[in-house]
Protein chains: 2
Amino acid sequence: MTGIFLQEYICLVQATLSALAEPNRRQIVDLLRRKPRAVGEIVERLGLRQPQVSKHLRVLSEAGLVEAHPVAQQRIYSLRAQPLRELDEWLEPYRRRWDERFNQLDDVLRDLKRKDKEKRDGHGK
Amino acid sequence: MTGIFLQEYICLVQATLSALAEPNRRQIVDLLRRKPRAVGEIVERLGLRQPQVSKHLRVLSEAGLVEAHPVAQQRIYSLRAQPLRELDEWLEPYRRRWDERFNQLDDVLRDLKRKDKEKRDGHGK
DNA sequence: TGAATATATACCTTGACGGGAATATTCCTG
DNA sequence: CAGGAATATTCCCGTCAAGGTATATATTCA
């Protein structure tokens, strides 16, 4: 948790990634994608224990991924778009590249071999 | 590490998320986005110690996020597109919704209140 | 007010993970 | 083959996070 907060300054996307790294939390998020749900529903659907679900929801909530709306004794949790949008934005520069393959790997390797050769020749006996 | 593998069956995107949850690893990935690099370069640029960088690269590699290409004593690491693509695909259904706001939160809340009222009326004294 | 429902919190324990430092491995060069 | 450079691996340690169980809090209803 402190980890999340420390990174939050640097980059909100980090908090999102940390929160989603936990499988059960990602499942919860996936579940809430369809529609908002009360804690009890999540407990049922995922077959987890209520306290753990509450704890996961807390983490998700602190990461801004979900928000709670009290209704009687229930708390209806729903997804918030922003963090996932930011994750999407983080992916943007990658998306733009992965057609032309990220790496000019070939270029880089060719480069290295060139330098290698030069070095070798420079020292040439 | 075992955690990543356990989830890998279920969903490769989970492995990606777990790997990226670590701030230094995400930094490494961001660094490799521009171009492939040798371990030493990463060490320099990020100001981390060589063993930790190697360890992080191992995790990233096992998650399929990077791959190594040996050149002399160096190992040039480059990004692999697939895992990030899958992350992108995972986001797809979210993207499609976050304009119309995920939640039919209002709907759901209205629903709950209706049920509430019905219940109340049903029992009505 | 007291019982019941829904949810949150506290406390404990355990396992995994990340960093630090030392060492092993691999490959090149002379 | 010896030495050096680049990288990987090992071992130890502290911390943190997740699960389990019990309990607290809040809200409704009778």
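Below, chain A is the first sequence line, B the second, and so on; all start at residue 1. Because only heavy atoms are used, hydrogens play no part in the values below, and waters and symmetry mates are left out as well, while side chains stay in.
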- Query: Between D:dT10 atom C1' and B:R49 atom CZ, what is the distance in whole Å?
  - Reply: 17 Å
- Message: What is the separation between atom CD on A:Q27 and atom P on D:dG19, rounded to the nearest whole Å?
- Response: 11 Å
- Task: Enumerate the residue pairs fulfilling salt bridge (charged side-chain N to carboxylate O under 4.0 Å, His left out) with a member in residues 40-50 of chain A, sequence neighbours excluded, ordered by first and then second residue.
- Result: A:R37-A:E41
- Item | Non-neighbouring partners of B:Q50 that pass side-chain hydrogen bond (donor to acceptor under 3.5 Å, both in side chains), sequence neighbours left out | B:S54
- For A:Q73, side-chain hydrogen bond (donor to acceptor under 3.5 Å, both in side chains) partners two or more places apart: none
- Message: I'd like to compare against my own output: the B/S/- annotation of nucleotides 6-12 of chain C with a strict under-4.0 Å heavy-atom distance to protein.
- Response: SBBBBB-
- Item | Interatomic distance where CG belongs to A:L48 and C1' belongs to D:dG19 [whole Å] | 10 Å
- Note on the structure: Sorted by chain and number, sequence neighbours left out, side-chain hydrogen bond (donor to acceptor under 3.5 Å, both in side chains) with A:Q52 holds for none
- Query: Atom CD1 of B:I42 to atom C1' of D:dT7: distance rounded to whole Å?
  - Reply: 11 Å
- Task: Give me the one residue out of B:V29, B:L32, B:L79 that meets side-chain contact (heavy atoms from CB on, under 4.5 Å) with B:L60.
- Result: B:V29
- Task: With sequence neighbours left out, write down each residue that passes side-chain hydrogen bond (donor to acceptor under 3.5 Å, both in side chains) with B:D30, or none if nothing qualifies.
- Result: A:W90, A:Y94, B:R26
